[in-house]
Chemist: 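Mind looking over this structure? Questions follow.
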Amino acid sequence: MRRFHGPSRLSGIAAALALTACLGAIDRPLAAEPDHHKVVPAGEVTFGAGPPFLPPGVEMVVLAGNPGVAGVFVLRLKFPAGYVIPPHIHSQDELVTVISGQLGVAMGDTLDRDAAHPLAPGSFVQLPANMSHYAWADEETVVQLAGMGPFDITYIDDADDPRINGRD
């Protein structure tokens with residue numbers, strides 16, 4: 001007489017096959033694994049012209065993804081000394097890490113440099129979607145920005161939007 005000591009090996013295999021069949025019915029997981037990894041050594045990070053939706057003087061490099069389409073992206077921005085991004089909002093969360101220099105970030109519809117102390121390298125800021133904020137750099141500053149695309153920016157005052165008023 002066989003005694004029951006837990007699930008048989010066959011029932012374990014059957015359960016594994018059933019789970020595999022269920023997972024196979026999912027067309028694509030929400031966060032699909034990339035086909036390969038990506039490495040960008042520091043010496044190969046090459047900044048180019050900044051995007052037209054930011055005031056002139058900024059430089060940018062996209063490290064991963066494409067900020068213009070749906071999905072995760074990571075980019076770096078290099079701000080010259082004295083750079084200001086006027087009050088604006090985004091439709092998605094913005095995740096910012098200061099790489100070098102110092103970045104001032106504060107919330108609100110009016111630029112007020114006394115509203116926050118500049119953040120040192122290694123500092124991190126999460127800016128929720130639709131929260132009005134602004135930023136400035138008194139010295140050359142590099143930040144890494146990550147988020148979900150498509151990336152967008154809406155300035156609180158249309159007069160601050162370089163797409164409307166040019167980047168000159």
Side-chain angles (χ1 to χ4, degrees), residues 29-168:
L30 292 176
E33 292 291 326
D35 294 334
H36 56 84
H37 70 285
K38 181 175 185 179
V39 175
V40 182
E44 294 180 18
V45 175
T46 305
F47 288 89
F53 54 78
L54 289 177
V58 65
E59 295 179 55
M60 182 178 84
V61 60
V62 177
L63 299 174
N66 178 344
V69 300
V72 174
F73 69 88
V74 178
L75 57 87
R76 288 193 186 160
L77 297 165
K78 184 189 297 184
F79 304 126
Y83 194 78
V84 174
I85 303 175
H88 62 278
I89 61 170
H90 308 282
S91 64
Q92 302 280 347
D93 286 5
E94 188 176 24
L95 309 169
V96 180
T97 302
V98 181
I99 303 295
S100 66
Q102 291 192 7
L103 181 71
V105 177
M107 306 315 128
D109 292 345
T110 305
L111 193 128
D112 176 7
R113 290 176 186 243
D114 294 329
H117 297 290
L119 301 170
S123 299
F124 172 80
V125 178
Q126 178 180 0
L127 299 160
N130 301 309
M131 176 178 278
S132 182
H133 62 281
Y134 49 92
W136 68 92
D138 291 330
E139 62 187 68
E140 183 177 271
T141 299
V142 175
V143 300
Q144 184 161 297
L145 189 151
M148 293 296 291
F151 181 83
D152 61 9
I153 184 169
T154 302
Y155 288 92
I156 302 306
D157 184 345
D158 284 345
D160 291 329
D161 191 334
R163 295 166 294 193
I164 295 171
N165 299 303
R167 288 179 47 116
D168 298 327

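These numbers come from a predicted model, not from an experiment. When a residue number appears, it is its place in the shown sequence, counting from 1.
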Chemist: Cut-off 3.5 Å, no hydrogens considered: what does the side-chain donor-acceptor table look like for residues 97-106, sequence neighbours left out?
Modeler:
none

Chemist: If you define the side chain from C-beta out and look only at heavy atoms, does anything of P86 sit under 4.5 Å from Y155?
Modeler: yes
Chemist: Tell me every residue that passes side chain to side chain contact (heavy atoms under 4.5 Å, CB included) with P80, counting only those two or more places apart in sequence or in another chain.
Modeler: Y83
Chemist: Kindly indicate whether the side chain of D138, heavy atoms from C-beta on, has any atom under 4.5 Å from the side chain of R113.
Modeler: yes
Chemist: Using the benzene-type ring in the case of Trp, are the ring centres of F53 and F151 under 6.0 Å apart?
Modeler: yes
Chemist: Please test Y134 against I156 for side-chain contact (heavy atoms from CB on, under 4.5 Å), starting from the C-alpha separation and ending with a verdict.
Modeler: CA-CA 10 Å; Y134 49 92; I156 302 306; over 6 Å; no
Chemist: Would you say that L145 contacts E94 through its side chain, given a criterion of any heavy-atom pair below 4.5 Å between the two side chains?
Modeler: yes
Chemist: Rounded to the nearest 0.5 Å, how far does CE of M107 lie from CG of D112?
Modeler: 12.5 Å
Chemist: Within the 4.5 Å heavy-atom criterion, are V96 and Q126 side-chain neighbours or not?
Modeler: no
Chemist: Take E44 and T46, measure what side-chain contact (heavy atoms from CB on, under 4.5 Å) needs, and give me the verdict at the end.
Modeler: CA-CA 6 Å; E44 294 180 18; T46 305; 5.7 Å; no
Chemist: Should I153 and D161 be marked as a side-chain contact (heavy atoms from CB on, under 4.5 Å) after you check the CA-CA gap, both sets of side-chain angles, and the distance that decides it?
Modeler: CA-CA 9 Å; I153 184 169; D161 191 334; over 6 Å; no
Chemist: Spell out, as yes or no, whether a donor-acceptor pair under 3.5 Å connects the side chain of S123 to the backbone of P121.
Modeler: no
Chemist: Distance check, rounded to the nearest 0.5 Å: D109 atom CG versus S132 atom OG?
Modeler: 3.5 Å
Chemist: Using atom types as modelled, flag every donor-acceptor pair under 3.5 Å from a side chain in residues 58-79 to any protein atom, sequence neighbours excluded.
Modeler:
residue, atom, partner, partner atom, Å
N66, OD1, G68, N, 2.8
R76, NE, Q144, OE1, 2.7
R76, NH2, Q144, OE1, 2.9

Chemist: Is the closest side-chain heavy-atom distance between N130 and Q92 below 4.5 Å?
Modeler: no
Chemist: Tell me, do L54 and I85 make a side-chain contact under 4.5 Å, heavy atoms counted?
Modeler: yes
Chemist: Considering all heavy atoms of both residues, which atom of H37 and which atom of V39 are nearest to each other, and what is their separation?
Modeler: CD2-CG2, 3.5 Å
Chemist: Measuring from D160:CG to N165:CG, what's the distance to the nearest 0.5 Å?
Modeler: 8.0 Å
Chemist: For H88 and H90, take the angle between the two ring planes, folded into 0 to 90°, and tell me which bin it lands in: parallel under 30, tilted 30 to 60, perpendicular over 60.
Modeler: perpendicular
